[in-house]
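I have placed the structure first, in the form of structure tokens, so that the comments after it can refer back to it.
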Amino acid sequence: MEIPNTAYKELLNDEQWAAVQYNEGVSVIVAGAGSGKTRVLTYKIAYLLENGWNPSTILALTFTNKAAREMKNRIANVVGEKKARWLWMGTFHSIFYRILRTEAERIGFTPQFTIYDSVDSKSLVKSLIKELQLDDKIYKANTIAARISNIKNNLITPTVYTSKAEFAKDDLHAQIPRFGELYKLYCQRCKEFNAMDFDDLLLYTYILFRDCPDVLESYQNRFSYILVDEYQDTNIAQHLIVNKLAEKCGRICIVGDDAQSIYSFRGANIDNMLSFQKTHDNCRLFRLEQNYRSTQMIVNAANSLISKNEHRIPKTVFSELAVGEKLKITGCYSDFDEGFTVANKIYNLVTEKGIRYSDIAIFYRTHAQSRILEEALLKRNIPYKIYGGLSFYQRKEIKDILAYLRLIINPNDEEAFKRIINYPIRGIGNTTQQKVLETAHVQHTNALAVTSDPIAYNLPVNSGTAAKLIKFGNMMQEFIAFNAEHDAYSVAEKVIMESGIMNDVSTDTLPENQSRKENIQELLSAIHEFCDMRVNNGSMDIGLVDFLSEVSLLTDQDTDQDDTTERITMMTVHAAKGLEFSYVYIVGMEEDLFPSILCKNERELEEERRLFYVAITRAKTACNISYAKSRFRNGQTQFSKPSRFLYEIDDKFIDFPEKQREDIRKERFSFLSQRQTTSARPRNLKPLAQVASTPTEEQNTYGLKIGDKITHLTFGEGTVLDITGSGDSTKALIEFKDHGNKQLLLKYAKLTIIS
DNA sequence: TAACAAGACCCCGAG
DNA sequence: GGTCTTGTTA
């Protein structure tokens, strides 16, 4: 079903249509929330194809597989699958992987290189810390891996890193002086293992284009138009590569919304977008400001919030949909109470208004908040689906099998080797493993080669151990030989049956083995499906390499197939970006949670504000916000104030009872203090805060003194150690006999004074 | 080497 | 509070 050019105009508004039509040079599309960004990108590419552009010269980059898939499908619907399939459309990682696989030899890898996920990277870091005999209390694998990732995202290679004194100074200051060495070794090992981590896919693409001008030129010549979605989320590597590629053809279109930049913690730099216009002459700017998603109330509330940010591209998002209802802000006593309240509201929404579960979503700042909500929903019998957490391909039993498959195609993959050398248990313990790895490092070969012929490598083990190693080595060699002549499914089936995994899962009767078995079955059918699909498309790429390359860039967002059952959706705000729901519940809007307690400066605070902006703008019809005054976190009850962001939304757009009460109280107070200043009292009054922190008899209406013995409904007997704050926020530090020290807000704590 | 206890850690997370 | 890792023991 092809659309004549004239029809586009009817499907788009003026600005959208202008953005679709402009294809002469560089352009930026600043697309406000809900302004039809994907729609514009889709039609823009369709428009190009219909006007004679060759699909294989168009490069379109997204951040998620899902976004790429959806856009490709939508384009295929307009111009037909035949044309759409030749587009270079995918995530940064998958497109760069494709390029790297073709050019692997130019940068010292083979095309069979493995992609290490974050677990693999962390595990490698851990073993290097051990190898260099560093204190793992100081050199924490998590921190080191994060730092390596961060450095790579800024395109700093080990050579550069170790040559700059300022880095050494930083590390000395951070008490990790040998970090540079660690980083260098990490990269060296990855190369020896013929493996790249996720960051390498970007870094090595950059290096490839930097060091091989002929390769760069061939890709520059290949692409005639480059389009990038969600540009506000690009990091410096992505930014530089994309611009380098577009240098020749001069046609690049970036789409994004600076107000929705929420990934700086993983290297995204909003400046890439903000400065794009300045660095490109003749750059056309298109602003999509009409929101087609949300009510006016929601859009206005979000606008008034985001206007508090200083760093932004000025724009006015507006809606012409219904005015809608004010955003409701509900204060709850506790996290438990919040869950109960939200569950109740959802229950009423569904039973009284007939709203479908799938139109409702709950967003939270951190995953940890989901549990208590789950409990509340269960009690109300509300079906839900939680996004995030472990994806299918990250489960232990799946990763184990994948490790076999990885080692088959890349015998240098030491992380894979370590995973399976003694799984299932074949009596090759830690000591032997260490010997094998060390021998492999010293003799510059891979661990698998050593196990295959321990005697030739002078491995210091007894004959029994040697026999076990040889048996494993032979088995792997057999798999490798088999793989050369069979498709991925046959190999996987053989591996599962002959490695002992099936036996291991089948023999004993542990309850978790049943689900493990099912997962293995599911993996097999996934591989089968993969082969089938490729064969049906006339592709012969049905080997292990092909399957693994697809799988290692997949995430759980891509494997959610069960959309048939009606349920509400629960996810973090980050995960919600790009989605929309009629009814949205944002929970946990408290200081130190949202914004996070880890926000140290104004810049980070602005990002949190954008995050909240994203959350609000997901809502189509109604947005409900709640906060709890006490919350169980990290093993203890914490008290908090409503988030500062709630006070930043204009009163006109919110229904916020607690704030209204506070405002009335403040008014009275200001009246009182005015009288005080006019009377003849000494000028140097104590600041208000100080007055408040020493509770007088009048302020401490709870009649509690330090040293009092009390009992609490849940914590039992205790002694008051300290009293702080005043009025509603008066807190007592109490030492409980059986529950240790606790800060309790007296307003809610049900205490009985014993003596 | 398996089983169990003690200790660490806990923000968001594409690919 | 829950989960994952590490250390200890038989």
Side-chain angles (χ1 to χ4, degrees), chain A residues 61-68 90-98 100 115-123 126 130 136-137 140-143 146 149 152-153 196-202 205 229-230 233-235 237-238 261-268 335-336 363-372 375 387-391 393-394 396 422-423 425-432 508 510 549-558 571-578 588 592-600 604 607-608 610-612 614-615 631-638 739:
Chain A
L61 296 165
T62 63
F63 272 84
T64 65
N65 291 310
K66 200 176 166 195
T91 61
F92 279 93
H93 289 84
S94 68
I95 296 289
F96 291 176
Y97 174 56
R98 187 167 156 191
L100 286 170
I115 298 172
Y116 274 3
D117 69 12
S118 32
V119 178
D120 297 316
S121 320
K122 220 178 85 185
S123 157
K126 214 178 207 171
K130 216 173 196 174
D136 60 4
K137 295 272 183 318
K140 304 218 170 168
N142 266 328
T143 324
S149 168
K152 283 188 180 173
N153 281 328
M196 290 194 199
D197 63 25
F198 287 140
D199 304 312
D200 285 335
L201 294 177
L202 309 185
T205 304
D229 193 12
E230 306 272 21
D233 288 336
T234 54
N235 63 28
Q238 291 159 327
S261 161
I262 54 172
Y263 283 112
S264 76
F265 68 89
R266 63 180 191 208
D335 46 356
F336 180 85
F363 303 148
Y364 33 78
R365 180 67 179 79
T366 70
H367 277 300
Q369 291 163 253
S370 66
R371 180 169 294 271
I372 195 133
E375 283 167 18
Y387 278 76
L390 226 53
S391 83
Y393 288 102
Q394 289 175 315
K396 190 197 168 297
N422 200 29
Y423 175 78
I425 290 156
R426 42 178 75 90
I428 303 172
N430 229 309
T431 332
T432 311
D508 64 320
L510 285 167
S549 64
E550 177 135 321
V551 152
S552 43
L553 293 171
L554 228 57
T555 58
D556 57 321
Q557 298 269 328
D558 304 309
M571 53 171 67
T572 62
V573 183
H574 282 90
K577 200 175 88 170
D592 294 346
L593 181 62
F594 201 165
S596 158
I597 192 165
L598 292 135
C599 281
K600 293 169 288 287
E604 288 174 344
E607 175 143 325
E608 293 282 309
R610 291 192 293 268
L611 190 57
F612 187 33
V614 167
R631 179 176 297 279
F632 202 84
R633 271 220 282 174
N634 297 339
Q636 53 180 306
T637 307
Q638 291 182 353
H739 293 84

(message) Under 4.0 Å, counting only non-hydrogen atoms across every strand here, what does A:Asp199 touch: a base, just sugar-phosphate, or nothing?
(response) base
(request) Identify the 5'-most and 3'-most nucleotides of DNA chain C with at least one atom closer than 4.0 Å to a non-hydrogen atom of chain A. (result) C:dG1 to C:dT6
(message) In this structure, how many angstroms lie between the P atom of B:dG13 and the CG atom of A:Asp233, rounded?
(response) 13 Å
Scan nucleotides 3-5 of chain B against the protein and return all N/O pairs shorter than 3.5 Å with their distances rounded to 0.1 Å.
none

(message) Measuring to OP1 and OP2 of B:dG13, would you say a side-chain N or O of A:Thr572 lies under 4.0 angstrom away?
(response) yes
(message) Just to verify, which of A:Asp233, A:Thr572, A:Thr64 counts as forming a side-chain contact (heavy atoms from CB on, under 4.5 Å) with A:Lys577?
(response) A:Asp233
(message) Quick check: closest heavy atoms across A:Asp117 and A:Phe198, and the distance to 0.1 Å?
(response) CA-CE1, 3.8 Å
(message) Within the 4.0 Å heavy-atom criterion, would you say A:Lys137 contacts the bases, only the backbone, or no part of the nucleic acid?
(response) nothing
(request) Please determine, for the side chain of A:Ile425, which listed nucleotide (B:dT1, B:dC12, B:dG15) has the closest atom? (result) B:dT1
(request) If the plane angle is over 60° it's perpendicular, under 30° parallel, otherwise tilted; pick one for A:Phe265 and A:Tyr263. (result) tilted
(message) Checking the side chain of A:Asn422 only, and the main-chain atoms of A:Arg426 only, is there a donor and an acceptor separated by less than 3.5 Å?
(response) yes
(request) Taking only the side-chain nitrogens and oxygens of A:His574, find out if one of them lies under 4.0 Å from OP1 or OP2 of B:dA14. (result) no
(request) Please report the closest heavy-atom contact between A:Ala68 and A:Thr62, naming both atoms and the distance. (result) CB-OG1, 3.5 Å
(request) Map A:Asn634 and A:Leu201 onto DNA chain B by nearest heavy atom, then report which one ends up closer to the 5' terminus. (result) A:Asn634
(message) Reading DNA chain B from 5' onward, which residue's closest nucleotide shows up sooner: A:Phe92 or A:Thr366?
(response) A:Thr366
(request) Would you mind reporting whether A:Arg371 and A:Glu375 have side-chain heavy atoms less than 4.5 Å apart? (result) yes
(request) Kindly determine whether A:Lys152 and A:Asp200 satisfy salt bridge (Lys or Arg N to Asp or Glu O under 4.0 Å), including the steps that lead there. (result) CA-CA 7 Å; A:Lys152 283 188 180 173; A:Asp200 285 335; 2.8 Å; yes
(message) Quick check for you: among B:dT1, B:dC11, B:dA14, whose closest atom lies nearest to any side-chain atom of A:Asn422?
(response) B:dT1
(request) Find out whether A:Phe96 and A:Leu202 are in side-chain contact, i.e. whether some heavy atom of one side chain is under 4.5 Å from a heavy atom of the other. (result) yes
(request) Check whether any side-chain heavy atom of A:Gln638 sits under 4.5 Å from a side-chain heavy atom of A:Asp592, and report yes or no. (result) no
(request) May I have the distance from A:Arg633 (atom CZ) to B:dC12 (atom C1'), rounded to whole angstrom? (result) 13 Å
(request) Check every strand shown and say whether A:Arg371 touches a base, only sugar-phosphate, or nothing at a heavy-atom separation below 4.0 Å. (result) sugar-phosphate
